[in-house]
Amino acid sequence: MELKITETVLRDGNQSLIATRLPLSRFEGILDAMDKAGYYSLECWGGATFDSCIRFLGEDPWERLRVIRRLAPNAKLQMLLRGKSLLGYRHYPDDVIRRFVYKAVENGIDIIRIFDALNDLGNIAACVEETLRCGAHPSCAIAYTESPVHSIPGFVELAVRMEGIGAKSVCVKDMAGILSPIKSYELIKTLKERLSVPVVLHSHCSGGLAYMSYLKALEAGADVLDTAISSFSGGTSQPSTEVINSVAASYGYDCGLDTERLKTINAFFAPLMDEYHKDGTLSLKSLQTDPGVIYSQIPGGMYTNLIRQLADQGSSDKFDEIVRQIPAVRKDLGYPPLVTPLSQMVGTQAMMNVVTGSKYAHLCSEVISYLNGEYGSPPGEISAEVCAGAEACKQKSVQPPFSWEEVKERLADICGDDCDVLTCLMFPQAGENFVKGKNKAGDAGNKPVREGEKDEARLAQNVPQGKVSRGGIYSCPTDVEPDYDSFVDFETASESKAKDASYTVFAVLPGTVTKVFKTTGDDVTAGEPLLICESMKMENQILSPVAGRLAHVHIRIGDRVNMKERLVDIAV
């Protein structure tokens with residue numbers, strides 16, 4: 001009997017434990033051993049790796065992928081894709097999705113695990129179709145969650161429909177580690193009975209269930225399990241590769257793994273984990289079992305980032321209160337699965353509720369978009385309190401129309417190729433700053449690993465589903481930029497120390513300014529957007545509390561603002 005193993009240390013293993021702070025330079029030297037270790041696949045790209053590269057690691061994520069491909073030529077390289085959200089936090093049109101998927105495959109990806117935060121197949125169909133056209137493997141993922149509006153029969157029917165639209169495998173993505181052993185057996189066994197494609201299980205050890213759930217999945221006939229090399233396993237990460245390999249062997253399964261190479265791989269990564277612990281990147285809390293996660297359903301990466309962000313702000317004392325607030329907010333929003341970008345929406349809203357001491361007095365812009373149906377249909381009913389908050393805020397989502405040609409022309413002076421354009425469009429502020437610096441250093445023009453006809457010619461054809469030659473991709477702008485280092489919320493103050501202003505808008509918590517709509521001297525009306533500040537991968541529109549004239553705008557795009565820092569003064 002055979003069981004396949006996907007190694008996650010290059011993506012989810014380090015994303016869940018050290019907030020994706022593992023640079024390419026720290027693991028290049030072990031890629032040859034990983035290439036030859038016998039893994040089914042190496043999960044190495046997508047998720048938060050892209051924005052972490054440009055924001056914190058100073059790396060070109062596309063070049064990172066190309067290097068991994070060159071140094072691991074035989075392994076199947078796997079990435080995580082958020083359906084229509086791609087690697088960003090808003091929805092993109094289908095031509096954009098096709099351009100991005102094509103570039104990912106062209107530069108080395110073999111398997112694309114595709115999910116939608118609301119389990120809406122309409123949000124993954126274009127990704128699946130383009131992945132098939134590129135000759136890669138679309139692995140559709142069920143965002144597993146538990147609520148009064150979710151059930152195992154419902155997930156099974158969803159999986160059947162995924163196979164119907166072209167999935168070559170189906171993954172149960174248990175992002176919070178809440179799948180119990182008995183439900184694991186029931187769900188995997190039923191999926192094996194109903195599907196003709198392989199069944200994969202992905203989980204996290206956060207709540208203490210994953211090892212038992214993996215064992216029951218093995219007994220139920222799972223084809224692939226996601227694991228992390230032992231030094232990067234456990235806690236908010238996945239079960240240990242070595243342990244699962246050993247247990248599988250005792251059941252008569254062959255994982256095809258070279259145990260000596262596994263020892264070499266772990267010996268390579270273990271000192272890195274020690275370093276990250278010593279410098280504070282790794283929190284011991286991320287390695288602890290927290291049964292409360294079974295109730296809060298906080299996913300591994302979100303849990304780790306919440307710990308880090310609050311510690312950076314000196315607000316660790318708010319952790320428990322925010323965690324308690326998260327299930328309540330999720331219920332009020334109709335029980336969405338807590339996975340990117342919905343987990344960020346719920347987490348940010350919970351933070352706002354705690355900080356302001358008032359539920360839904362302010363809603364982040366993405367929550368407004370969610371309520372407007374821009375992310376798909378909520379699984380359950382939206383609470384009256386949220387609806388009242390949305391009406392009181394009178395906000396509209398800000399997602400301006402665009403065309404690929406217009407954006408590419410606008411960025412022509414700083415971008416060396418379409419990959420650069422994609423980087424800038426998904427993360428405008430950080431992406432453009434990164435690309436400018438990179439191309440000044442003469443790094444533009446890197447060729448993809450896999451050559452092929454140019455994208456315009458390919459996309460002009462009505463290509464039938466199936467394997468095609470490789471070419472280009474599309475993208476679009478977004479105003480949402482993730483920032484793992486800060487939460488942000490803003491409120492107005494009726495008293496101002498500015499002598500020429502009646503009102504001043506202050507920052508309640510640190511954040512990053514991503515857009516400024518008005519300048520000093522401009523007239524404003526009550527409720528009019530003044531600026532956008534980003535937090536926990538979400539953007540927040542800051543509205544004018546009154547009608548008047550902007551006496552002074554104290555911030556600019558790209559500024560990091562501190563707690564109680566003045567943003568704008570408004571003269572009435």
Side-chain angles (χ1 to χ4, degrees), residues 82-83 113-125 139-165 167 169-204 206-210 212-226 291-300 302 326-340 342-343 345-346 370 373 375-383:
R82 303 164 185 152
R113 181 173 292 170
I114 306 164
F115 75 93
D116 175 65
L118 293 174
N119 287 317
D120 187 334
L121 290 193
N123 290 336
I124 69 171
S139 181
C140 292
I142 298 165
Y144 181 81
T145 189
E146 296 182 359
S147 81
V149 296
H150 293 92
S151 67
I152 286 180
F155 288 134
V156 171
E157 292 307 314
L158 175 65
V160 170
R161 292 167 58 208
M162 286 175 167
E163 184 176 10
I165 66 171
S169 62
V170 171
C171 173
V172 177
K173 180 177 170 60
D174 178 23
M175 54 276 179
I178 61 172
L179 181 65
S180 69
I182 190 168
K183 289 184 178 179
S184 174
Y185 185 86
E186 180 184 356
L187 179 54
I188 299 299
K189 187 174 185 296
T190 308
L191 289 175
K192 289 295 294 178
E193 292 170 350
R194 295 288 302 276
L195 303 176
S196 61
V197 297
V199 176
V200 185
L201 177 58
H202 171 96
S203 189
H204 292 253
S206 316
L209 297 174
M212 294 179 284
S213 295
Y214 272 32
L215 179 59
K216 298 305 289 184
L218 180 67
E219 293 175 353
D223 299 285
V224 185
L225 296 177
D226 285 7
V293 168
I294 300 170
Y295 171 67
S296 68
Q297 302 194 33
I298 298 176
M302 179 183 177
I326 285 173
V329 173
R330 176 174 178 253
K331 177 182 178 181
D332 288 343
L333 291 178
Y335 295 106
L338 290 183
V339 66
T340 304
L342 269 301
S343 55
M345 294 183 200
V346 172
Y370 169 77
Y375 288 91
S377 300
E381 283 190 38
I382 306 298
S383 75

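Only heavy atoms go into these numbers, but all of them, side chains included; no hydrogens, no water, no symmetry mates. Keep in mind that this is a model prediction, so the values were computed, not measured.
Between the OH atom of Y375 and the CG atom of N123 there is a distance of 10.5 Å, given to the nearest 0.5 Å. Between atom NE2 of residue H202 and atom CZ of residue R113 there is a gap of 6.5 Å, rounded to the nearest 0.5 Å. A distance of 8.5 Å separates CG in D226 from NE2 in H204, rounded to the nearest 0.5 Å. Between atom CG of residue L218 and atom CG of residue L225 there is a gap of 6.5 Å, rounded to the nearest 0.5 Å.
The backbone N or O of T145 lies less than 3.5 Å from no partner atom in the side chain of Q297, so there is not a single donor-acceptor pair. Side chain of R330 to main chain of P336: a donor-acceptor pair is present (N/O by atom type, distance under 3.5 Å, no hydrogens or angles). Formation of a donor-acceptor pair under 3.5 Å by the S184 side chain with backbone atoms of S213 is found in this model. Side-chain N or O atoms of N119 include one that pairs as donor or acceptor with a backbone N or O of A143 at under 3.5 Å. Under the 3.5 Å distance criterion, the side-chain polar atoms of Y370 are matched with a main-chain donor or acceptor of L333. Remark: the backbone N or O of L179 is paired with a side-chain donor or acceptor of D174 at under 3.5 angstrom.
Residues E146 and I178 share a closest heavy-atom pair of OE2-O, 3.6 Å. Across all non-hydrogen atoms, the minimal contact from A217 to L201 is CB-CD2, 3.6 Å. The two residues S206 and V293 make their nearest non-hydrogen contact at CB-CG1, 4.0 Å. Considering all non-hydrogen atoms of both residues, G334 and I382 come closest at N-CD1, 4.1 Å. Nearest heavy atom pair, residue P379 against residue V149, reads CB-CG2, 3.9 Å. Contact detail for G177 and L209: the closest heavy-atom pair is O-CD1, 3.9 Å.
A side-chain contact (heavy atoms from CB on, under 4.5 Å) with V156 is found for exactly one of T190, V170, L195, I142, namely T190.
For the pair I124 and C140, the minimum side-chain heavy-atom distance is below 4.5 Å.
Every side chain to side chain contact (heavy atoms under 4.5 Å, CB included) that K192 has, sequence neighbours left out, goes to I188, V199, D223.
Note: F155 and H150 have parallel aromatic rings, judged against thresholds of 30 and 60 degrees for the angle between ring planes.
Around atom CD of E219, more than 12 heavy atoms belonging to other residues, nucleotides or ligands sit under 6.0 Å away. Other residues, nucleotides and ligands contribute only 12 or fewer heavy atoms inside 6.0 Å of the CD1 atom of I182.
Between E186 and K216, none of the side-chain N atoms (NZ, or NE/NH1/NH2) sits under 4.0 Å from a carboxylate O, so this pair counts as no salt bridge. Under a 4.0 Å N-O distance rule, the pair E193/K189 qualifies as a salt bridge.
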